[in-house]
Structure formats: C-alpha cells, structure tokens
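Just below is one structure, and these are the notes that go with it.
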Amino acid sequence: MAGTRFTDVRRFDTIDSTNRYLLDEARRGAPEGVVAVADHQEAGRGRLGRRWEAPPGANLLVSVLLRPDLPPASRHLASAVVALAAADAVDAVAGLATGLKWPNDLLGPDGRKLAGVLAEADLGAAAGPARPPVVVGIGINVAWPARLDDLPPELTTTATSLALETGHPVDRSALLDALLDALEPRVADLSTPTGRARQAADLRARCVTLGAAVRVELPDASFEGTAADVTDEGHLVVDTPDGRRTVVAGDVVHLRPLR
Ligand code: BTN
C-alpha cells in the first residue's frame, strides 16, 4: 500500500499458512512491513492450536510482519492494532460497525464472530540485532459463510460474514488496502508511550467485552467475573468475587448474549 510501510505485498493462490510463511521470512531477516495474502490456506492456523478454515477465494486471509519497538509487557498491542485497523477497514469499506471481543476477535452487531487474529512471535530472534519479529495474521469472513447453514454445526450460532451482515458483496482487495492504510499510523504509535496509550484507548472504546459477564479460560484454570477495563498494555481487567484480576493472555467467553 503506497504511503505506508506495507509496500511489499506477496500474493499466493494457495499456501499452507500466511503466518507460517512470514515467520520463516522473518527468520531469514525480512524487514518489517512484508505482507502475505492468500486466496486459500491449506493449514490455516487459529488461536490455541485450532485450525482456521475458509473455502478458496472467499475471505481475506492476510498476515503482516512487524518488528515493533515495544516493551515486552505491551506486546499484546501489536495484535490489537491489527484488529483495530480491521475494524476501521470494515467500517470504511463495508459500512458495518464492529466490536472487539478481547483479546482480538471482531464481532458483528449481534455478537457473531467476523474475524480472528493470531499473533506469533519469534522470541528466539530476540538476541539478534533487529527487534524481534511478530507476525500478526487476520482472517476476515468476507463472502463465506454465505448462509449460516454453510457453517459446520459447532459454528452456526457463533460465526458470520460481511456478506451475511451487510447483504451485499464486499471487495476483498479494497478491504485489504483500507486495512493496511489504517494500520500504518497505528503501528507508528507502538513506538511511544503516548502512542501506545492512544491505541489502548481505541481498544477500550471498541471493546464489547467491557461490562460483560465473562469466563476467562487459562491453560490450567478458569474463572468468572465482570470485565472492567483494558490496561494501557492491552490486558483485560476482570472483577471477580475474590478481587480484581488482570489477564495477559487467555480465552474469554461472554456468558450472556451482547444484546
Ligand atoms: C482465531 O483463531 O481467531 C485466529 C484466526 C487467524 C487466522 C488468520 S488467516 C491469515 C493468518 N494465517 C494463518 O494461518 N492464520 C491467520
């Protein structure tokens, strides 16, 4: 995208995973700003070891390579800015207001998932001279599912697409351009405390998890409470009967429908 750091956009008809591709490129020294976009992924990766599936040519499947100048405690903001830029792009191109479910899902107006973000960091590279790379991938459901019964049974109540929500086709390449455009100033903000505070404020403003009754699922435990705040590092603050807890990483379930 001209005028941004995202000028090296590599397009694939089919690839295993755009995240895997950029992590390998990062290990070979690729600079910040390389973008990989695919029509189809044969082994698309989702969060928590899940797979991310979409039929060929339907959805936006894209990853960006960042080398953010971030304190380690604020690492979550690297993925949050991609989710925020995607929300900006969906607003601008599809005319649809979305909310963010912490950590990084984009939800449609009725709380169904429109997009998911997976950040993968190559912490092994931290010892090198360059800032450690973070690959942030996002899958946005653009044309698929076209109908809710296109979805596997476990997703029919939880997922949706831009086509379904808006009732009209949405152009994937316009969406990608808008996303990269919106991402540029957000990534620039990661390098300064005021910029990070601004991104955290945007995250708070978009975050539909705030105020919701939630179950937080950690690798070896879970707990329930009310989501109270997002810190300047992008972490979720939850009020529980035992006091306030701050969640750095984990899965969140909204316990009641949003509306
Ligand atoms: C989630 O589980 O919600 C995150 C899904 C992330 C999917 C995207 S699609 C482009 C990029 N490449 C991958 O293999 N995964 C991410």
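Counting starts at 1 for both ligands and their atoms, in listed order. FYI, side chains are in, hydrogens and waters are out, and symmetry mates aren't considered; it's all heavy atoms of this structure.
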Using a strict 4.0 Å threshold on nitrogen-to-oxygen distance, state whether Asp229 and Arg204 make a salt bridge.
yes

Show every donor-acceptor pair shorter than 3.5 Å between a side-chain atom in residues 133-146 and any protein atom, with sequence neighbours excluded, or say none if there are none.
from   : atom 1 : to     : atom 2 : distance (Å)
Asn141 : OD1    : Asn59  : ND2    : 3.3
Asn141 : ND2    : Thr160 : O      : 2.9

Near ligand 1, which residues have a heavy atom under 4.0 Å away from one of its atoms?
Ser17, Thr18, Asn19, Gln41, Gly44, Arg45, Gly46, Arg47, Trp52, Leu61, Val62, Ser63, Asp105, Lys113, Gly116, Val117, Leu118, Gly137, Ile138, Gly139

Is there a path of hydrophobic side-chain contacts, each under 4.5 Å between heavy atoms of I/L/V/M/F/W/Y residues, joining Met1 to Leu65?
no

Quick one: are the ring centres of Trp102 and His254 less than 6.0 Å apart?
no

4.5 Å side-chain heavy-atom contact, Arg10 and Val34:
yes

Between Leu60 and Leu176, is the side-chain contact (heavy atoms from CB on, under 4.5 Å) condition met? List the steps.
CA-CA 8 Å; Leu60 182 60; Leu176 175 60; 4.1 Å; yes

